[in-house]
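Written out below as structure tokens is the structure these notes cover.
Side chains included, hydrogens not; waters and symmetry mates left out as well; all remaining heavy atoms used.
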Amino acid sequence: MGKKTLGVALLTTAMLTVAGCSGGASPNADETAAAPIDPDGVSGDITVLTNRTDLIQDGTMKRYAAEFNQTYPEVKVGFEGLTDYEGEVKIRMNTEDYGDVLLIPGVIPKGDYPRFFAPLGDTSTMKSTYRFTDKTDVDGRTYGIATFGTANGFVYNKALWKRAGISEWPTTTRRFLDDLRAVERKTGATPYYTNFKDGWPLSGTWTNSVGSVSCDSQASDKLAEMDRPWEEGTDLHVLDTLLHDIVHEKLSEKDPATTNWESSKTLLAKGEIGSMMLGSWAVNQMRDAAEKAGENPEDIGFMPVPAQEGGTFCATLVSDYQQAVNVHSDHKSAARAWIDWFTEKSGYAAKEGAVSALKSEGMPDTLQEYVDNDVKIVERSEARTAEVNAIDNASEIGLAKPDYRQKLIDIARGAVDGTLDGYFDELDERWSEARRTAGS
């Protein structure tokens, strides 16, 4: 499928009802999936669940397994690719059969991780080696290791923006809108593409930029303390106002209901659309699309959210899906061996143009523009994710689902009644009430 799924979304919006999860931990929950010491002593058949059906179809995952077997010859690795990863895994987790290694679905409340996943080690020890350990920390133990991390911003066609006379990144949302108008006026291209129909680019992608505006690593955690997250000056107010204004001023595609993620990559590569809010993981996909379309891959650029703090651009760095070991697996050592090898030896993060979960690894080539222009990378804390999730669930807003931003777009284009201020008031009221009912 080649698309980024919602693993980068850091806030869940639905609760999972799983047989046997309402009381007590799994009988195997205390069995740690420790890192194996002797590769020759690790054996067994394991199944790895993945959202990357494209990498199974093109043989990439099979090649990874062959490389893995050079170190762990007694482990047989099988893969199961799921197109609707979240939906299908959620159903399977009503049983004990959900693979040996899996990506933690966003629907699982953080507090329930010990019921479904084997702990990988003490967070106090693991955090010195891995980024994003607070994402899966429960009571001092880590339950997942990130496939990679992603910085947020706008993928854009540099050649197109240059044709529009734009040579510098916009420093404010007002200037960003001015630049989009220039793209439309001088090139005839669609300045911005929402990917409304596919939905996922409207959910986690925008929410993951919370912290980029304020340059605050605690911005997501602070949502647990806020009654009005959409009041003027907040990250959500700035981000969602920008999306509204892009659509309201007709600077996006004419018919949002007909957008298509796969074709959008080619459209951006060919300069028919100008920009999209995405994670840095998308840069390589856009460059691949440019090469296939006979265009220059170097025309694909990545710019930060148009806001500065003290004259500096900031970009949040957030975790993608976290790899975990099924607490019911009969081959936990083999499963953990795969996770460690995939994280440390496969080169997967680098191939994806993403940030490695290993702290020893630097920034990828896809973020070279950020490095060259002194963009401050803010690794966002997720220490209070469980609290934020509880409020989000109770509010039924869905910060990691597309619905509320799809309504925002519908308001902006006049497809439904309402105003931006009125909608923000509604969201604030629902969040405030949810904080009370969720016990915050």
Side-chain angles (χ1 to χ4, degrees), residues 5-16 18 21 86 89-90 93 102-117 119-124 126-127 130-152 200 203-212 214 216-227 229 234-236 239 279 316-324 355 357 378-401 404 427 430-431 434-435 437-440:
T5 60
L6 297 183
V8 19
L10 299 181
L11 304 168
T12 61
T13 54
M15 300 295 286
L16 178 67
V18 177
C21 78
E86 291 277 333
V89 175
K90 178 178 70 173
M93 291 183 72
L102 69 158
L103 307 171
I104 297 178
V107 73
I108 305 293
K110 187 176 181 180
D112 284 345
Y113 287 179
R115 294 172 179 154
F116 302 110
F117 314 115
L120 304 181
D122 292 337
T123 303
S124 60
M126 296 186 67
K127 68 181 181 181
Y130 300 102
R131 295 181 171 105
F132 318 118
T133 51
D134 62 351
K135 176 75 179 295
T136 61
D137 171 73
V138 180
D139 297 330
R141 304 174 96 179
T142 294
Y143 288 83
I145 295 175
T147 52
F148 54 69
T150 184
N152 275 12
W200 60 266
S203 50
T205 302
W206 282 84
T207 298
N208 284 342
S209 284
V210 170
S212 293
S214 57
D216 185 359
S217 65
Q218 307 297 313
S220 179
D221 288 344
K222 288 178 179 178
L223 292 173
E225 304 171 354
M226 299 173 68
D227 275 332
T234 64
D235 282 59
L236 281 171
L239 293 165
T316 49
L317 176 64
V318 298
S319 168
D320 194 82
Y321 268 126
Q322 301 267 342
Q323 306 162 92
V355 179
V378 179
E379 185 173 335
R380 199 172 70 176
S381 169
E382 299 299 331
R384 301 185 68 178
T385 296
E387 297 171 66
V388 177
N389 288 351
I391 298 168
D392 192 39
N393 292 333
S395 72
E396 298 184 345
I397 291 173
L399 288 173
K401 294 179 70 176
Y404 101 81
L427 293 172
R430 289 164 63 182
W431 190 268
R435 284 193 70 233
T437 60
S440 297

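- Note that the CD1 atom of Ile104 and the OG1 atom of Thr147 stand 11.0 Å from one another [nearest 0.5 Å].
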message: Quick one, Asp320 with Thr150, criterion side chain to side chain donor-acceptor pair (under 3.5 Å). Give me CA distance, side-chain angles, the key distance, then yes/no.
response: CA-CA 7 Å; Asp320 194 82; Thr150 184; over 6 Å; no

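- Here the CG atom belonging to Leu103 is positioned 7.0 Å from the CD atom belonging to Gln323, to the nearest 0.5 angstrom.
- Taking CG from Asp112 and CE from Met93, the interatomic distance works out to 9.0 Å, rounded to the nearest 0.5 Å.
- Between the side chain of Ser395 and the backbone N or O of Arg430, no donor-acceptor pair lies under 3.5 Å.
- Minimum heavy-atom separation, Gly398 to Tyr404: O-CD2, 3.6 Å.
- Distance alone, capped at 3.5 Å, is enough to place a donor-acceptor pair between the Ser212 side chain and the Thr316 backbone.
- Nearest heavy atom pair, residue Ala219 against residue Gly211, reads CB-CA, 3.5 Å.
- Of all heavy-atom pairs spanning Pro105 and Phe117, the tightest one is CD-CZ, 4.4 Å.
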task: Please lay out, stage by stage, how Ile145 and Met126 fare under the test side chain to side chain contact (heavy atoms under 4.5 Å, CB included).
output: CA-CA 9 Å; Ile145 295 175; Met126 296 186 67; 3.9 Å; yes

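- Residues Leu223 and Leu236 are in side-chain contact: their nearest non-hydrogen atoms beyond the backbone lie under 4.5 Å apart.
- Checked by atom type and distance alone, the side chain of Trp431 pairs as donor or acceptor with a backbone atom of Met226 at under 3.5 Å.
- A distance-only check finds a donor-acceptor pair linking the side chain of Asp235 to the backbone of Ser214 [under 3.5 Å].
- Side chains of Ser217 and Val378 form a contact here, defined as non-hydrogen atoms less than 4.5 Å apart.
- When atom types are taken as modelled, the side chain of Ser220 and the backbone of Glu382 share no donor-acceptor pair closer than 3.5 angstrom.
- Rounding to the nearest 0.5 Å places OH of Tyr113 at 6.0 Å from NZ of Lys135.
- Between the side chains of Thr142 and Thr123, at least one donor-acceptor pair of N or O atoms lies under 3.5 Å.
- Here the OG1-CG distance, from Thr385 to Asp221, works out to 6.0 Å after rounding to the nearest 0.5 Å.
- Considering every non-hydrogen atom in both Asp216 and Lys222, the closest pair reads OD2-NZ, 2.7 Å.
- Arg380 contributes a side-chain N or O that, together with a main-chain N or O of Val210, makes up a donor-acceptor pair within less than 3.5 Å.
- By the 4.5 Å heavy-atom criterion applied to side chains, Thr136 and Lys110 are not counted as neighbours.
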message: Before you tell me yes or no, could you show the steps for Gln322 and Phe132 under side chain to side chain contact (heavy atoms under 4.5 Å, CB included), namely the whole-Å CA-CA distance, both residues' side-chain angles and the distance that decides it to 0.1 Å?
response: CA-CA 9 Å; Gln322 301 267 342; Phe132 318 118; 3.9 Å; yes

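- Side chains of Pro109 and Asn389 form no contact here, defined as non-hydrogen atoms less than 4.5 Å apart.
- In this structure, Leu239 and Trp206 approach most closely via the heavy-atom pair O-CZ3, 3.3 Å.
- From Asn208, atom CG reaches atom CG of Leu317 across 10.5 Å, with rounding to the nearest 0.5 Å.
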message: Could you go through Arg384 and Glu225, starting from their C-alpha distance and side-chain angles, then the distance that decides it, and tell me whether this counts as salt bridge (Lys or Arg N to Asp or Glu O under 4.0 Å)?
response: CA-CA 10 Å; Arg384 301 185 68 178; Glu225 304 171 354; 2.5 Å; yes

